[in-house]
Amino acid sequence: MTRRKWIEAMTKIAFPVLKALSEEKLHLELPTEFHPARKPYGMLEAFGRTMTGIAPWLELEAISESSERELQKRYRKMVLLCLDKATNPDSKDFMNFTEPGQPLVDAAFLAHAIIRAPKQIGDALPKVVRENVVIALKSTRKIMPPNMNWNLFSAMVEGALYVLGEEDYDLLRVIYAIRLLDDWYLGDGVYGDGPTFHWDYYNSFVMQPMAIDLLNLFYEQSAELKDYREKMIPRFIRYADIQERLIGPDGSYPVIGRSIIYRFGAFQALAQAALQNYLPDHVRHAQVRCGLTAMIEKVVNAAGTFDDKGWLLPGVYGHQPALAEHYIGVGSLYLCSAVFLPLGIPEKAAFWKEEDMDWSSKKIWQGEEIVIDHSI
């Protein structure tokens, strides 16, 4: 069963992080030999990035398959423990949310998880833990984001504070980040990361998924955000269409641009489009499921993806440390978890139940025809 394969892959990636943190041992067990200067940020990177991918699955109700339901129950409990250990100043795994700038990035990924799982994370937090999470998130407000995708990180923090019931969330930070992103729109579903264009996957790693979730969270509070939402959802759908066509016939994809060793986290936008029913009309759920499954299996099964203790190693296909920029540590690699967003889709929905179907590039390179591609 395909869903079971996804669960196994998600567990293989997420479990070492969550188990160690829930036991207050992440500071001891997370590898830091690779780019040791990144050690001060590693724990929040690993935790926040893992959480952003698994949150919709944690939130999903009514799982009928018993072993998955029991696993989810275990993970829900473990995540609440993790949030306590991460934000309690007396914990050995208390995380750096303030110095110097990097913590804003990963606080935003953790905030995204809260937005994606408002009941099973936000509402489920014990009072003291919730207070510590709020203090940690608010402490990032001192970090001034540069003129690039980081403005969305500040906005995500405010989104999580809103979900957590804080009355002093700053809607202006959200509006400002969305204004900037709209200014950077280049056409045909693609934004620049700031005024300068980069060939990379940051439209998927950060910009489009965060923008869409912020717009869906806040559009009823602002006529300006409502107008942006009407413009930006069609752009998101177009970008998901492009991403589906980028999956090669064998599950590979173009290796291009910054942070490529976040692996299949590069396809977060497509995964989120499937989760939220933002796929184009001509793209079937089954072809997305099958394309992403081929990608997941190819990457997870490559020799050298994990070390002998189950921690991710830097690379795209196995262990390829030369592909890592200086700002990447082992904790950074866990953004790959974003591919698992469709696990938040009920198991009886079309995404899981439709018959297997080849995705676009596989059809083309087998001599079949598909719908012709059009820009917007």
Side-chain angles (χ1 to χ4, degrees), residues 4-55 57-58 67-68 70-72 74-86 88 91-96 102 105-106 109-110 113 259-266 295-340 343:
R4 189 171 296 119
K5 292 179 181 178
W6 280 52
I7 292 289
E8 290 172 356
M10 180 200 71
T11 301
K12 188 170 186 178
I13 291 168
F15 184 72
V17 175
L18 299 182
K19 180 177 185 293
L21 180 54
S22 67
E23 297 173 352
E24 209 172 311
K25 296 178 180 176
L26 187 60
H27 68 290
L28 296 174
E29 297 184 11
L30 181 69
T32 57
E33 295 83 6
F34 181 72
H35 291 175
R38 305 302 294 178
K39 182 178 179 179
Y41 323 116
M43 289 198 297
L44 184 56
E45 284 185 315
F47 181 45
R49 295 172 187 225
T50 297
M51 288 296 296
T52 202
I54 72 170
W57 176 68
L58 295 173
S67 63
E68 183 183 340
E70 288 303 309
L71 183 69
Q72 184 199 52
R74 180 184 179 190
Y75 268 62
R76 284 173 172 175
K77 291 180 179 178
M78 200 160 41
V79 161
L80 296 180
L81 286 172
C82 287
L83 284 160
D84 180 26
K85 305 303 183 185
N88 183 344
S91 166
K92 294 176 183 177
D93 282 346
F94 179 60
M95 296 182 182
N96 171 19
Q102 177 67 35
V105 179
D106 300 297
F109 287 123
L110 183 58
S259 306
I260 194 62
I261 63 171
Y262 299 165
R263 293 185 167 95
F264 36 54
M295 181 190 302
I296 290 167
E297 290 183 330
K298 188 175 189 69
V299 171
V300 169
N301 294 331
T305 297
F306 302 91
D307 70 13
D308 58 2
K309 294 183 179 179
W311 298 96
L312 287 169
L313 289 168
V316 174
Y317 186 67
H319 188 205
Q320 298 159 315
L323 293 177
E325 289 86 356
H326 67 89
Y327 56 79
I328 289 176
V330 168
S332 315
L333 308 178
Y334 286 84
L335 191 53
C336 68
S337 73
V339 80
F340 298 116
L343 285 172

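Only heavy atoms go into these numbers, but all of them, side chains included; no hydrogens, no water, no symmetry mates. Numbers for residues simply follow the sequence, beginning at 1.
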Between H35 (side chain) and G329 (backbone), is there a donor-acceptor pair under 3.5 Å?
no

Closest heavy-atom pair, P31 versus D307, reported as atoms and distance to 0.1 Å, is CG-OD2, 4.0 Å

Taking the side chain as everything from C-beta on, heavy atoms only, tell me whether L18 gets closer than 4.5 Å to F47. yes

Can you check whether K85's main-chain N or O pairs, donor with acceptor, with E24's side chain at less than 3.5 Å?
no

Taking the side chain as everything from C-beta on, heavy atoms only, tell me whether I54 gets closer than 4.5 Å to L343. no

Parallel, tilted or perpendicular: which describes the rings of Y75 and W57, with under 30° parallel and over 60° perpendicular? perpendicular

Shortest non-hydrogen pair, Y334 vs I13, comes out as CE2-O, 3.2 Å

**Request:** Side-chain contact test, heavy atoms from C-beta onward, threshold under 4.5 Å: evaluate it for L44 versus N96 and give yes or no.
**Result:** no

Shortest non-hydrogen pair, W311 vs P16, comes out as CH2-O, 3.4 Å

Taken to the nearest 0.5 Å, the spacing of L71 CG from T11 OG1 works out to 4.5 Å

Tell me, with the steps shown, if R4 and E8 meet side-chain contact (heavy atoms from CB on, under 4.5 Å).
CA-CA 6 Å; R4 189 171 296 119; E8 290 172 356; 3.8 Å; yes

Taking every heavy atom of I260 against every heavy atom of V316, the minimum-distance pair comes out as O-CG2, 3.7 Å

So CE of M43 and CG of L21: to nearest 0.5 Å the spacing works out to 8.0 Å

Do Y327 and S259 get their side chains close enough for a donor-acceptor pair, meaning under 3.5 Å?
-> yes

Rounded to the nearest 0.5 Å, the CE atom of M51 sits from the CG atom of L58 at a distance of 5.5 Å

| query | Is E23 salt-bridged to K19, going by a charged N under 4.0 Å from an acidic O? | reply | yes

Interatomic distance, CG@L30 vs NZ@K309, rounded to 0.5 Å, equals 11.5 Å

**Item:** Exam field: side chain R49 to backbone S337, donor-acceptor pair closer than 3.5 Å
**Value:** no

Q: Would you confirm whether D93, through its side chain, and L26, through its main-chain N or O, come within 3.5 Å as a donor-acceptor pair?
A: yes

Next on the checklist: Tell me whether N88 contacts the main-chain N or O of D84 through its side chain, where contact means a donor paired with an acceptor under 3.5 Å.
Outcome noted: no

Stepwise side-chain contact (heavy atoms from CB on, under 4.5 Å) test for R263 and L312: CA-CA 11 Å; R263 293 185 167 95; L312 287 169; 4.1 Å; yes

What verdict does the side-chain contact (heavy atoms from CB on, under 4.5 Å) test give for V339 and V299, after you've listed the backbone C-alpha separation in whole Å, the side-chain angles of each residue and the deciding distance to 0.1 Å? CA-CA 12 Å; V339 80; V299 171; over 6 Å; no

Atom NZ of K298 with >12 non-hydrogen neighbours under 6.0 angstrom: yes

Of all heavy-atom pairs linking A9 and V300, the shortest is CB-CG2, 4.2 Å

- Message: Within the 4.5 Å heavy-atom criterion, are F109 and T50 side-chain neighbours or not?
- Response: no

- Query: Can you tell me if T52 uses its side chain to pair, donor with acceptor, with the backbone of A338 under 3.5 Å?
  - Reply: no

**Study point:** Worked verdict on L313 versus F34 for side-chain contact (heavy atoms from CB on, under 4.5 Å)
**Key:** CA-CA 9 Å; L313 289 168; F34 181 72; over 6 Å; no

*Mind checking whether I328 and P314 have side chains closer than 4.5 Å, heavy atoms only?*
no

Decide yes or no for K92 and L28: does some side-chain heavy atom of the first lie under 4.5 Å from some side-chain heavy atom of the second?
no

Nearest heavy-atom contact between A302 and G318 is CB-N, 3.7 Å

Between the CD atom in E45 and the CG atom in D106, the distance rounded to the nearest 0.5 Å is 4.5 Å

Between the NZ atom in K39 and the CD atom in E33, the distance rounded to the nearest 0.5 Å is 9.0 Å

